[in-house]
Amino acid sequence: MSTHFAQQLLIWFDAHGRHNLPWQDNRNAYRVWVSEIMLQQTQVATVIPYFERFMERFPTLTDLAGAPVDEVLALWTGLGYYSRARNLHKCAQVITEQCQGKFPNNTKELAQLPGIGPSTAAAIVSQAYNKPAAILDGNVKRVLTRIFAIAGWPGQKSIETQLWELATKLTPKQRNADYTQAIMDLGATICRRNKPLCVACPMQTECQALTQNRVTELPTRKAKKAIPEKQTWALLLANHEHKIQLHQRAHKGIWGGLWSLPEFASLNELQNHLALQGIHQHAKCLPQVKHAFSHYKLTIHPYLVELSANHGHIQESALVQWYASKQMDTIGLPSPIKDMLQQYWA
DNA sequence: AAGTCGGGGCG
DNA sequence: CGCCCAGACTT
């Protein structure tokens with residue numbers, strides 16, 4: 001019963017789908033995997049330059065597995081969700097050590113690997129091996145909730161289960177790679193979140209949302225809640241060579257594993273820290289930096305201290321080091337911090 | 001089942 | 001400025 005739905009979509013895909021994405025060239029499991037991880041919660045146009053740089057630096061799984069994780073994070077700066085980069089690196093090492101460097105070719109084994117969940121596992125099976133597997137990403141959820149007029153927030157368990165069943169039924173055994181690409185392309189270019197191009201849609205006649213004039217209300221939005229605002233005080237400590245003191249953040253939590261400025265809960269704590277280091281210079285207040293996360297807003301209050309050449313040596317450690325401007329591309333930094341440092345050096 | 005993780009696109 | 005995006009992981 002699924003063949004008609006799939007065939008209709010494939011006819012549209014052959015004429016109007018995206019056939020020139022970088023990971024569609026020299027297609028192999030490694031390139032497909034990296035692209036799928038980058039594309040989690042991130043749009044295609046944003047991913048493309050990151051993917052190109054990544055493949056230039058790490059052309060093969062072996063290159064990635066053998067690299068320091070800091071270099072992987074450096075290439076990830078600005079993409080967000082940095083646990084993806086850590087899991088990617090970890091996964092490369094697991095496949096190298098436990099799978100003889102060969103990717104599994106089934107969803108069950110793939111979904112055991114770090115950073116690979118049900119949808120990404122299916123996407124790899126479909127895109128890399130052209131084997132039948134159903135995906136359920138944001139695009140597919142949007143397309144299916146509209147065509148079948150399924151109300152309720154798709155993140156809700158019951159709705160998601162229903163969508164998985166539907167996606168599985170509709171997924172064909174033939175041309176599976178093209179089909180999964182087709183339904184994502186339809187979601188990205190025609191069945192868009194805002195201003196969908198229903199007049200150009202190949203599924204117009206069977207789209208229940210269109211028939212019922214409910215396209216704009218589907219998929220159902222998530223119930224919203226208040227977003228808290230937090231503040232932090234950051235120390236921009238520069239030595240006489242204009243090197244900046246950075247410390248590596250904990251691997252878990254916000255900006256996990258990235259190098260950032262030392263942070264304090266108040267200006268008082270920042271100044272106490274300086275005093276303990278034997279630094280008695282005035283900390284100069286810099287313009288505050290605002291940054292928005294999906295779940296809270298952060299205001300950073302940076303304070304600058306420039307040490308003179310005769311100031312006593314400040315100790316380094318594994319987690320606290322001095323960095324020069326030219327080293328910024330070798331480590332992972334949070335975007336707003338990187339911007340702030342470039343302002344300082346400019 | 002709900003919360004966490006992030007930067008960018010877009011109206 | 002608010003909402004959304006080729007989700008996975010933790011609790």
If you look at every strand shown and take non-hydrogen atoms under 4.0 Å, does [X] touch a base, only sugar-phosphate, or nothing?
| X | answer |
| --- | --- |
| A/I116 | sugar-phosphate |
| A/W153 | nothing |
| A/G155 | nothing |
| A/Q181 | base |
| A/L21 | base |
| A/N139 | base |

With a 6.0 Å cut-off on the ring centroids, do A/Y82 and A/W255 count as close?
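No, too far apart.
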
Would you check if the distance from the ring center of A/W33 to the ring center of A/F103 is below 6.0 Å?
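Yes; A/F103 has its ring centre under 6.0 Å from that of A/W33.
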
Please determine, for the side chain of [X], which listed nucleotide ([options]) has the closest atom?
| X | options | value |
| --- | --- | --- |
| A/P118 | B/dG8, B/dC5, C/dA8 | C/dA8 |
| A/S119 | B/dC5, C/dA8, B/dG8 | C/dA8 |
| A/Y81 | B/dA1, C/dC5, B/dG6 | B/dG6 |
| A/K195 | C/dC5, B/dG11, B/dG8 | B/dG11 |
| A/T46 | C/dC4, B/dG8, B/dC5 | B/dG8 |
| A/Y82 | B/dG8, B/dG6, C/dG7 | B/dG6 |
| A/N87 | C/dC9, B/dG6, B/dG9 | C/dC9 |

Tell me, with the steps shown, if A/L237 and A/L261 meet side-chain contact (heavy atoms from CB on, under 4.5 Å).
CA-CA 8 Å; A/L237 185 60; A/L261 298 178; over 6 Å; no

By nearest heavy atom, map A/S158 and A/K252 onto DNA chain B; which one lands nearer the 5' end?
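Mapping each residue to its closest nucleotide by heavy atoms, the 5'-most match is A/S158.
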
Take A/N194 and A/G253, find for each the nucleotide of DNA chain B with the closest heavy atom, and name the residue whose nucleotide sits nearer the 5' end.
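In this pair, the answer is A/G253.
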
Any side-chain N or O of [X] less than 4.0 Å from the OP1 or OP2 oxygen of [N]?
| X | N | value |
| --- | --- | --- |
| A/R221 | C/dC3 | no |
| A/R142 | C/dC5 | yes |
| A/S335 | B/dG6 | no |
| A/Q41 | C/dG7 | yes |

Let me know the distance between [atom1] of [X] and [atom2] of [N], rounded to the nearest Å.
| X | N | atom1 | atom2 | value |
| --- | --- | --- | --- | --- |
| A/L298 | B/dT4 | CG | P | 15 Å |
| A/H251 | C/dT10 | NE2 | P | 14 Å |
| A/I37 | C/dC5 | CD1 | C1' | 16 Å |
| A/M38 | B/dG8 | CE | C1' | 15 Å |
| A/R193 | C/dG2 | CZ | P | 17 Å |
| A/L258 | B/dC5 | CG | C1' | 12 Å |
| A/I135 | C/dA8 | CD1 | P | 11 Å |
| A/L113 | C/dC9 | CG | P | 10 Å |

Please give the distance between the P atoms of B/dG6 and C/dT11 as a whole number of Å.
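These two P atoms come out 15 Å apart once rounded.
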
Kindly indicate, with the supporting measurements, whether the criterion side-chain contact (heavy atoms from CB on, under 4.5 Å) is fulfilled by A/R192 and A/N194.
CA-CA 5 Å; A/R192 304 181 299 198; A/N194 301 309; 5.9 Å; no

Quick check: does any side chain N or O of A/Q245 sit under 3.5 Å from a backbone N or O of A/W322, one acting as donor and the other as acceptor?
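Checking the backbone N and O of A/W322 against the side chain of A/Q245, no donor-acceptor pair under 3.5 Å is found.
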
If only atom types and distance count, is the side chain of A/Q181 paired as donor or acceptor with the main-chain N or O of A/R18 below 3.5 Å?
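Answer holds: no.
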
A side-chain contact here means heavy atoms from C-beta on lying under 4.5 Å apart; do A/K243 and A/Y323 qualify?
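No, side chains not in contact.
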
